[in-house]
Amino acid sequence: MAASTEPKEGPNAAFLIVKPMATAARQFVKSLVRPSTIVYPFERLEDPSFREEVKVESGHPIGVGPIWDNYRGVHALNIATCISCNLCAFSCPDLCIEMVTVPGGDPKHPKKCPQIDYGKCSYCGFCSDACPEGCLSMTTRYELSTPNRSEMIYSPQKLHEVFERKLPMNPIRLERPENEDAIRLDAPLCIGCNACSRDCPTSCITMVDTPKPTAKPGEKLPRRIWKEPVINDSDCVRCGTCISVCPKECLFWGTHP
Amino acid sequence: MTVQSLYGVAALVAGGIAYLLPFLPPWLVTIIADVVFGAILLAASMINTIVLIWYERKLLGRFMDRRGAMHVGYAGLLQNFADGLKLFRKNTYKPREADSLGFYGGPTAYMVSSLVIFGILPISTGWDNGSLPLSLLLALVIFSFAPLFIFLSAWSSNNKYSLMGGMRSAAQMIAYEVPILIAVVAVVVLSGSFDLTTIVSEQRNYWFALPLFLALIVFVAGMLAEMERIPFDLPEAEAELVEGWNTEYGGMLFAFFMLADYLRALIGSILIVLLFLGGWTLPSYVPAALTSFPLAGIFWFMVKTYLVFGVFVWVRASLPRVRTDQLLRVGWMRMVPLALVSVLIAAAVVAAHCLPVLGCVPGLGS
Amino acid sequence: MGTDGGTGRMTSEEISGRLKEKLPEAVLAFEELPGTAGRVRFRAESALEVFRVVRSDLGYDHLSMVGGIDWVEEREVIYLVWSDLRRNYLLLSTRIAARDAHIESATPVWPSANWHEREAWEMVDIRFDHHPDLRHLLMPDGYAFHPLLRSFKLHEPEELEVKVRRV
Amino acid sequence: MWINMGPQHPMTHGLWNLRVKIEGEIVKEIDPEMGFLHRGIEKISEDRHYNEVITLMDRTCYVAGIAWEHLYIQAAEQALHVTPPARALWIRVLCEEMQRIASHVMWYAAFVQDLGLMSPFLYGMRDRDLLLDHFQSFTGGRLTYEYMRVGGVRNDLPPGTTDRMRKTLDWLMDRFVEYDRLCMGSEIFRKRCDDLGVLKANDCIAYGVTGPMLRSAGVRRDLRKDRPYAIYDQVDFDMAIADSADVTGRYLVRMEEMRQSVRILRQVVDWLDKHPGPVMAPNLPRWLGAPYAPVGREGYLLKRNYPKGVGLSAIEEPHGEANAYVVNEGGEHPYRVKFRSPVYVNLSAAHKYLVGYHVADIPPIMGSVDVCVGEVDR
């Protein structure tokens, strides 16, 4: 049945401005005690003492809660645990993450950590979902206004400063699908060059010797180092670095073993 | 004109000048005293207007479940000065095709014509500058200059929105002048005088709001239209006309309009207090302690004025804006008859010399 | 789709039967499409007849959207129609050759096609014949490109020539 | 005299231009100009992963973001042959109905402000904030939620959400009474809105107008009832109908819809309390699963013969009926995404309900259409 939406009272009842004025007056009296607004820079919802004072609870016009922990604000980056896997940069729909070198890596393979341009960031949280180590996470920090546009670019060090403030970090970690694809090796193509193992951010690729087949008469064995990568599947974060560095394109995504 | 013809504050000033500078001729003393008194009036009205804006912001804030201005000065009292300063620093742009004289002269004349009325309105006994037997009429006449200036500035800003706003403004003000004047006639009939001081002193026993309740309603509605406040703010209906007739104005010229609007709001509230709510007097049965402290007259006058303005704010917080044709229809077809009825009531009261509820009242009529 | 959407199989068969009976040549195929009564592929040349039949005989009185899809060599025009009577959607689609892509406008049958067709024209470059007002809608006047074509690549800044209309 | 109402004009909630030809105060002719906010969302979608399109959906309609997510997700799931778990469907309906209330409250605030009434604007914003708080508690965002994923929703509700929700719903029901007092109880409001912007049922159907505008003309059409998607066939609610086909009718329909949404939400919350479970479909392909990563070689998906498909979804968005058409050609990006925005269509009939009224009537009429330019221009 359709709900009745007919007005209860007719439009031309005498002097109907009384009702709205009474409503406004009621609101006036209510807000004389305490208006629903908060004086923002001085009172903050996330401040426990303020919440205690105004007894914020659900249904109260001041709000149903603090800044919740899964708020998607400025990122916090723990440089120490970052493995430079590039997954955050890959998953960014706005291309606002750039991997920049930070001091601390070995000179041959410098350590790279995300630098985020908040002028472009859409705060979707895909990077923090993608981070396999949980070192890049969004925090409850929401104030980043600045008079200078270049200050919107947060270097890894600046993101690490956010991390050091111990703000609440996004508690939600997404589970990986069980049938997740894994890195597979097209063995006949492999030349055993060690590039994948060298660049693997989690060091889950080890090169193992493969037996060199004996050459049959008339057949020429390919020139290669007789080693093949073996991937420790439980450690692999599926960043695809090995695929991108492989010179022979012999690594590819395959189904779960 | 001699010194003796002045009294009240102006006389005080003149006396002071004559005491301090005894060598000055009396006519010069009078002129200086008038100028000084004018400056005091200007300052008083300006400060009152700005406080009025603050008052509206705070009140409207509470009606809207928020706080209003609160950071500059105590409880935001200085916020308007800060806003004014900002507007003062701003560049004023004139549209290329706009007419200079009207564009700049309109707001100035609007402002000046609003300020002039303050020289006429008695605030308390011993305040006003001389007795004007027709002060009420003069005040209303100056008050009704405004549509002309608004239309002038609207027309000369060469903007379609401004033009429409100016047209609406003129139409609405003319439509509401008539019921206002008729309602005032009711008051005049009851008090027997056009002098505001006399009108107030005639209300020493009871306020004219009681017998002339209809006239009060008409007058309040008419004043809302004259001040262009919600629900009658169609000339500057920001939803369709951007800012109505002051669309093209920025910076200090906009501040002029803004200030003049609130000046007129203040004048409207003062007129309502003077005509219907007993001015600076309280009814005679009120304990004497309430009326005998120094400056009691001004105090009660201000309290009443601000309460009346609070009602305007209340209306603004709870009613939407009406449409032009509805406004005009209400003005001509409801307000005018109501005002006429109230004139009849006033005449009946005067004729009977008695009020059925309050009993016989001495000192009515001629 | 969470649920089947209330499309009865009977209705689909009925619709396809009616269409084949009325328009034996114009209708090329009738396919199942979850969430709708079906998808009708028709010949672009007889578009207006199809619209008339769908509108008046089948009772699909409400045109939800018109969209163009660029399949490089040809372009597809989809019409999503809804029937208040049957309470389901029907998808009409037709393919036209990419060069000189044009089709009869649906505005005489469904007035609401007006803006949809303007958009499809400026986005996918499908000209709608006898359209009352085929102007740019979302793109600036005088915009020479058709952004939703596959040949229009993102990340390549284009020179814009915009003619500004004066009021 | 032609006047331009927009693109920077208080009447245009968003960025568009309504050119109006007036004679005196009467509107004689109109010509809407759109495209000021055109961002090419359909084009950008062709360059994004299926899940990444969701970030665009929130920005399509900035007052009903999650409804658009719902719309897109349904089409994408159909195109990709993914079935979400039941709890995810219920959570999506929870989101959509919360969004409906939030959007309608926002509409109320803006609409009443167009009539010059400021205080309900702030009441509306205040009450909407409660719903945004709820959204933030489980999606992490207040306006752009990025919550739904192909195959479910990103995360489950945090503990205590349902209880907080119930309290909020009670509070909101009281506020709806207050809204009605301020509007329907006001003679001036009725005078302004009665018999204004009339669009009769046959015109509505001819011009494809949907949503509250159509229902206010007495046409019984609500996709939640007529073509129940997600779990709308399992909840009990009424369709809001009015007969007057004018601004008042639209107001009444929206007010009633909010009450019905509260009714749906109460049922949804009860269901969610009783039925814990997963919120993501298991066995999603890796590139749809949670952490996204480069696919590696070109054509990886094509090699795997991922099934092609076409997805068509239709939801009753707060503004009306929205459609999405997603073509999956087996790639990691959608081949084509086409949206039908209800406001776009409702606006295209503007000459039917604007011509002949006063200039002062334009803001309330356009306000009653509930224009959201983000979804018109896309």
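Note on naming: letters A, B, ... go to the chains in the order of the sequence lines (proteins, then strands), and numbering restarts at 1 for each one.
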- Query: Under 3.5 Å, side chain of D:Lys191 to main-chain N/O of B:Arg323, donor-acceptor pair present?
  - Reply: no
- Which bit of D:Leu18 is near chain B, if near means a heavy-atom gap under 4.5 Å: side chain, backbone, both or neither? neither
- D:Ser119 OG to B:Asp65 CG distance, which is reported to the nearest 0.5 Å: 10.5 Å
- If you look at every heavy atom in D:Gly116 and B:Arg321, which pair is closest and at what distance? CA-NH2, 3.4 Å
- Query: Taking it one step at a time, do B:Met164 and D:Ile22 satisfy side chain to side chain contact (heavy atoms under 4.5 Å, CB included)?
  - Reply: CA-CA 11 Å; B:Met164 285 176 71; D:Ile22 54 170; 3.7 Å; yes
- Message: Looking only at heavy atoms and a cut-off of under 4.5 Å, which of D:Ala360, D:Gly367, D:Pro364 has the most pairs with chain B?
- Response: D:Ala360
- Item | Contacting moiety of B:Arg66, where chain D heavy atoms sit under 4.5 Å | side chain
- Is B:Pro320 close to D:Val112 at the side-chain level, that is, under 4.5 Å between some pair of heavy atoms? no
- Note on the structure: Closest heavy-atom pair, D:His9 versus B:Tyr161, reported as atoms and distance to 0.1 Å, is CD2-OH, 3.2 Å
- Query: If you look at every heavy atom in D:Leu117 and B:Ala317, which pair is closest and at what distance?
  - Reply: CD1-O, 3.7 Å
- Are there more than 12 heavy atoms of other residues, nucleotides or ligands under 6.0 Å from atom CH2 of B:Trp54? yes
- So which heavy atom on D:Ile188 is nearest to which on B:Val322, and how close? CG2-CG1, 3.4 Å
- Heavy-atom side-chain proximity of B:Arg168 to D:Glu25 below 4.5 angstrom: yes
- Task: Any chance you could measure D:Leu115, atom CG, to B:Leu319, atom CG, to the nearest 0.5 Å?
- Result: 11.5 Å
- Message: Please find the pair of heavy atoms, one from B:Phe63 and one from D:Tyr123, that lie closest to each other, and give the distance.
- Response: O-OH, 2.5 Å
- Rounding to 0.5 Å, atoms CG (B:Asp325) and CD1 (D:Ile26) come to a distance of 7.5 Å
